[in-house]
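Values reported hereafter were calculated over all heavy atoms of this structure, with side chains retained and with hydrogens, waters and symmetry mates removed. Small disclaimer: the values here were computed from a predicted structure and weren't measured.
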Amino acid sequence: WYGGWKSDDERGQHMKKIVAKDLVKEYNKKTVLSHVNIEMQGGVYGLLGPNGAGKSTLIGIMVDGIQNYSGEILYGNENIKKLGKDYRKRVGYVPQKQGLYEEFSVLECMNYIAVLKGLKKREVREEITYLLERLHILDVASRKISTLSGGMKQRVLMAQALLGDPDFIILDEPTAMLDPHGRADVMRVLHELNRKEGVTVILITHYMEEVVDA
């Protein structure tokens, strides 16, 4: 992985457990999540289930994007609602529905995400180059995102999620819009993340083989 990121020893010292504790969520009196309890600490975890099973709702809560629910998410024994932006800075997220700044170039988008994450542009320049190269999109860095294919946009989403060396990464159907070559890139990244101590990855997918491959 990128040389400027935390070492495995540093990660091991700060590896924090993520706990979903007795989560309940309802929409229009319909229970979507019913007393869900999960503990995760390092490694890759697969979240499988049919459409409507509540996967996206669970993830929405875990990334602090859904507020109205019962139960709690703990990160290092602290409630994420209390941690607020300090927690969100440690989370990398690739949503199922692409939502990028279409009029930005790929590089502008990455720099903007760096600012949102509280990272200094001059300190992440090399990291951005590395991530774009690793996901085979460095050659389109100057192009507007609106001109890219769906698969290329998915790679940009993956790159921005990994920016800042997050401790906790959620990938919601990350290979859904990718060709075999793009899927291989993503799975290679997952292999590397799985080998890196202290990184917790949640992979949401319809395909059991992706969980096994990771």
TODO: Taking all heavy atoms of Val32 and all of Gly54, pick out the closest pair and write down the distance.
DONE: CG1-CA, 3.7 Å
TODO: Measure across Ile145 and Cys109 and return the closest heavy-atom pair with its distance rounded to 0.1 Å.
DONE: CD1-CB, 3.6 Å
- [ ] Measure the CZ-CZ distance between Arg90 and Phe168 for me, rounded to the nearest 0.5 Å.
- [x] 12.0 Å
Open item on the list: Do the side chains of Glu102 and Lys144 get close enough for a salt bridge, i.e. N-O under 4.0 angstrom?
Closed with: no
Pair up each side-chain donor or acceptor in residues 65-73 with any protein partner under 3.5 Å, not counting sequence neighbours, and list the distances.
unit_1, atom_1, unit_2, atom_2, d
Gln67, NE2, Asp64, O, 3.0
Gln67, NE2, Asp64, OD1, 3.2
Glu72, OE1, Asn79, ND2, 3.1

Open item on the list: Testing the basics here: between Lys55 and Leu47, what is the closest heavy-atom pair and its distance to 0.1 Å?
Closed with: CD-O, 3.8 Å
Open item on the list: Rounded at 0.5 Å granularity, tell me how far CG in Leu107 sits from CG in Asn111.
Closed with: 5.0 Å
- [ ] Report yes if the side chains of Ile202 and Leu171 come closer than 4.5 Å at any heavy-atom pair, otherwise no.
- [x] no
Task: Smallest separation among heavy atoms of Asp22 and Asn37, with atom names - done: N-OD1, 2.8 Å
Task: Donor-acceptor under 3.5 Å (Arg155 side chain, Gly150 main chain) - done: no
TODO: Please round to the nearest 0.5 Å and tell me the distance separating atom NZ of Lys81 and atom CD1 of Ile61.
DONE: 8.5 Å
TODO: Quick one: do Val140 and Ile137 satisfy side chain to side chain contact (heavy atoms under 4.5 Å, CB included)? Show the steps, please.
DONE: CA-CA 5 Å; Val140 298; Ile137 48 177; 3.8 Å; yes
- [ ] Keeping the roles fixed (side chain from Arg143, backbone from Thr147), state whether a donor-acceptor pair exists under 3.5 Å.
- [x] yes
- [ ] Would you mind reporting whether Val91 and Ile169 have side-chain heavy atoms less than 4.5 Å apart?
- [x] no
Task: Exercise: identify the closest heavy-atom pair between Pro166 and Ala161 - done: CG-O, 3.4 Å
- [ ] Indicate the atoms forming the closest heavy-atom contact of Ala114 with Val124, along with that distance.
- [x] CB-CG2, 3.9 Å
Task: Side-chain (Glu108) to main-chain (Ser105) donor-acceptor, under 3.5 angstrom - done: yes
Open item on the list: Can you confirm if the NZ or CZ of Lys25 lies within 45° of the ring axis of Tyr27 and under 6.0 Å from the centre of its six-membered ring?
Closed with: yes
Task: Glu127 side chain vs Gly164 backbone, donor-acceptor pair below 3.5 Å - done: yes
Task: Criterion side chain to side chain contact (heavy atoms under 4.5 Å, CB included) on Leu74 and Ile80, from CA distance to verdict - done: CA-CA 6 Å; Leu74 302 176; Ile80 64 169; over 6 Å; no
Task: Test log, rule side chain to side chain contact (heavy atoms under 4.5 Å, CB included), inputs Leu163 and Lys117 - done: CA-CA 9 Å; Leu163 187 61; Lys117 290 187 174 185; 4.1 Å; yes
Open item on the list: Treating Gln160 as the side-chain partner and Leu157 as the backbone partner, does any N or O pair qualify as donor plus acceptor under 3.5 Å?
Closed with: yes
Task: Expected output: side-chain Ser149 to main-chain Met152 donor-acceptor under 3.5 Å - done: yes
Open item on the list: To the nearest 0.5 Å, what is the distance between NE2 on His35 and CG on Leu23?
Closed with: 10.5 Å
Task: Atom pair CD1/CD1 of Ile38 and Ile18 - distance to nearest 0.5 Å - done: 10.5 Å
TODO: May I ask whether Leu148 and Leu132 are part of the same hydrophobic cluster, defined by side-chain heavy atoms of I, L, V, M, F, W, Y residues being less than 4.5 angstrom apart, directly or through others?
DONE: yes
Open item on the list: Please tell me whether Leu119 and Ile113 are part of a single hydrophobic cluster in this structure, the criterion being side-chain heavy atoms less than 4.5 Å apart.
Closed with: yes
TODO: Count the heavy atoms of every other residue, nucleotide or ligand shown that sit under 6.0 Å from CG of Asn77, and state whether that count exceeds 12.
DONE: no
Task: Cluster overlap Val94 with Tyr101, hydrophobic side-chain contacts below 4.5 Å - done: yes
Open item on the list: With clusters defined by side-chain heavy atoms of hydrophobic residues (ILVMFWY) lying less than 4.5 Å apart, directly or transitively, does Val156 cluster with Leu116?
Closed with: yes
TODO: Can you sort out the partners of His136 under ring-ring contact (aromatic ring centres under 6.0 Å, His included), two or more places apart, ordered by chain and number?
DONE: His181
- [ ] Report the distance from atom CE of Met110 to atom OG1 of Thr129, rounding to the nearest 0.5 Å.
- [x] 9.0 Å
Task: Heavy-atom side-chain proximity of Lys21 to Val36 below 4.5 angstrom - done: no
Open item on the list: Please check this pair: side chain of Thr200 against backbone of Gly42, looking for a donor-acceptor N/O pair closer than 3.5 Å.
Closed with: yes
- [ ] With the side chain counted from C-beta on, respond yes when Ser34 and Val24 share a heavy-atom pair under 4.5 Å apart, and no when they do not.
- [x] no
TODO: Assess whether side chain to side chain contact (heavy atoms under 4.5 Å, CB included) is satisfied between Val19 and Tyr75, documenting all intermediate values.
DONE: CA-CA 7 Å; Val19 178; Tyr75 183 62; over 6 Å; no
Task: Hydrophobic cluster identity match, Tyr112 and Met158, side-chain contacts under 4.5 Å - done: yes
